[in-house]
Amino acid sequence: LLLQRLGRPAEALADLGACQSGGAAGPKLHSARGSVLVALGRVDEAAAAYDAALALAPTRIVALHGRARVAMERGEAGASGWYRRALEQKPGDADLLLGLAEALEAEGDGAGLVLLREAVAQRPDWLTGHEVLARMRSEAGEPDDFADHYRASLAARPDDRALNFSYWQSLARGEQHGEALRALEAARARIGEDRNLRLMEAIFTSESGDPERGLALLDRLGGDGNDVSVQFARGRIALRAGDAAQAGAMFEGVTAAEPTGVGGS
């Protein structure tokens, strides 16, 4: 288990094999094998390992949750059933609720939207729930108000910086940059200025159709010229302005600093 947490799954799997050979093939070992096999990308074997754990301990929550995730990754029909079984053992768990909502979405069942709406209404500070719900509503073709579920939460928590930032980013991911900029401006005096807010303002300004003003706002940030967030923003702005060479230079710097990064919103 320590090897797995250290990011050394192949060694972890070898040790688990030794344990299994020694006759310690209980539900905990099978569950651990499932988790390690997922880390190695061997999801079919992981499913079998979780199934073995559940055959011995049908209510083991670690195995149920792992089996549900594997069902989603494999595109199994009825993955939502695994999440429902897990939730019976751990009612209200946020990760399981999120998994169930996404499994229902994958199955074409609109109940996932209802589930998340109810969950974020009860947990106004649950950022991941808000963000996934906004993404699901936007992709489902809902109108421009796809992020309006944030409003009740913000009414109760108007000074919550993280919730405000999450709202703006969800609007931007849904291509509502102008609305994101207006929401930012409305909250500015209430939550206070900082560099992150000004960076978002520059990005939203550019994406709303004013790249020159967006660049001017970035220039006012100052700080380290190698700041990856600023370089990425400059690359996006350069693209919008039609300067592919400048955009390429900026993105090369970003990928050099963050080789595993995959473009932002």
Side-chain angles (χ1 to χ4, degrees), residues 1-9 12-13 15-17 19-20 24-140 149-150 153 162-163 166 170:
L1 294 174
L2 285 170
L3 285 167
Q4 180 189 5
R5 290 171 190 151
L6 289 168
R8 294 156 63 182
L13 186 62
D15 280 356
L16 288 169
C19 291
Q20 192 166 4
K28 184 174 183 179
L29 185 141
H30 288 304
S31 292
R33 282 193 77 250
S35 179
V36 170
L37 287 163
V38 167
L40 289 167
R42 293 159 59 177
V43 292
D44 292 339
E45 294 171 80
Y50 287 129
D51 286 341
L54 292 167
L56 296 170
T59 61
R60 184 173 178 78
I61 185 62
V62 173
L64 284 168
H65 195 173
R67 187 62 180 82
R69 288 196 301 265
V70 167
M72 278 287 287
E73 191 165 342
R74 296 169 84 202
E76 293 179 29
S80 62
W82 287 108
Y83 279 106
R84 292 191 192 280
R85 282 182 59 182
L87 279 164
E88 288 174 4
Q89 303 306 315
K90 198 173 182 181
D93 180 81
D95 286 340
L96 291 173
L97 284 170
L98 195 62
L100 175 56
E102 292 183 320
L104 289 167
E105 178 190 30
E107 294 164 12
D109 188 338
L113 286 170
V114 177
L115 177 74
L116 278 187
R117 276 184 182 274
E118 293 172 351
V120 299
Q122 295 169 7
R123 306 175 188 186
D125 60 341
W126 186 24
L127 303 185
T128 303
H130 277 291
E131 289 164 8
V132 172
L133 178 56
R135 190 269 302 161
M136 288 171 63
R137 293 180 65 194
S138 176
E139 292 180 357
H149 53 272
Y150 276 96
S153 297
L163 185 60
S166 175
S170 286

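Of all heavy-atom pairs between Arg137 and Leu113, the closest is CG-CD2, 3.7 Å. In this structure, Ala101 and Leu115 approach most closely via the heavy-atom pair N-CD2, 3.9 Å. When all heavy atoms of Ala46 and Gly34 are compared, the pair lying nearest together is CB-O, 3.5 Å. For the residue pair Leu96 and Tyr83, the shortest heavy atom distance occurs at O-CD2, 3.7 Å. The two residues Ala103 and Met72 come nearest to each other via the heavy atoms CA-SD, 3.4 Å. Residues Leu54 and Trp82 share a closest heavy-atom pair of CD1-CZ3, 3.6 Å.
Atom CD1 of Ile61 is separated from atom CG of Leu87 by 7.5 Å, given to the nearest 0.5 angstrom. In this structure, Tyr150 OH and Ser166 OG are separated by 3.0 Å, a value rounded to the nearest 0.5 Å. Residue Arg85 holds its CZ atom at 5.5 Å from CG of Leu64, rounded to the nearest 0.5 Å. Within the model, atoms CG of Asp15 and CG of Leu29 stand 10.5 Å from one another, a figure rounded to the nearest 0.5 Å.
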*asked:* What verdict does the side-chain contact (heavy atoms from CB on, under 4.5 Å) test give for His65 and Gln89, after you've listed the backbone C-alpha separation in whole Å, the side-chain angles of each residue and the deciding distance to 0.1 Å?
replied: CA-CA 10 Å; His65 195 173; Gln89 303 306 315; over 6 Å; no
*Does the pair Trp126 and Val132 meet the rule for a side-chain contact (heavy atoms from CB on, under 4.5 Å), with working shown?*
CA-CA 10 Å; Trp126 186 24; Val132 172; over 6 Å; no
_Arg84 and Leu104: CA distance, side-chain angles, deciding distance, side-chain contact (heavy atoms from CB on, under 4.5 Å) verdict_ = CA-CA 11 Å; Arg84 292 191 192 280; Leu104 289 167; 3.7 Å; yes
_Worked verdict on Leu98 versus Leu116 for side-chain contact (heavy atoms from CB on, under 4.5 Å)_ = CA-CA 7 Å; Leu98 195 62; Leu116 278 187; 4.2 Å; yes
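Ring-plane geometry between His149 and His130 is classed as parallel, the angle between the planes falling under 30 degrees on a 0 to 90 degree scale with a further cut at 60.
Remark: Arg69 engages no residue in a salt bridge (charged side-chain N to carboxylate O under 4.0 Å, His left out) (not counting sequence neighbours).
Every pair passing side chain to side chain donor-acceptor pair (under 3.5 Å) that includes a residue from residues 27-36 is listed here, sequence neighbours excluded: Gln4-Ser35, Ser31-Arg60. Legend: side chain to side chain donor-acceptor pair (under 3.5 Å) pairs involving residues 104-123, not counting sequence neighbours, sorted by first then second residue: Ser80-Glu107, Glu105-Arg135.
The neighbour count for Leu40 CG, taken as heavy atoms of other residues, nucleotides or ligands under 6.0 Å away, is above 12.
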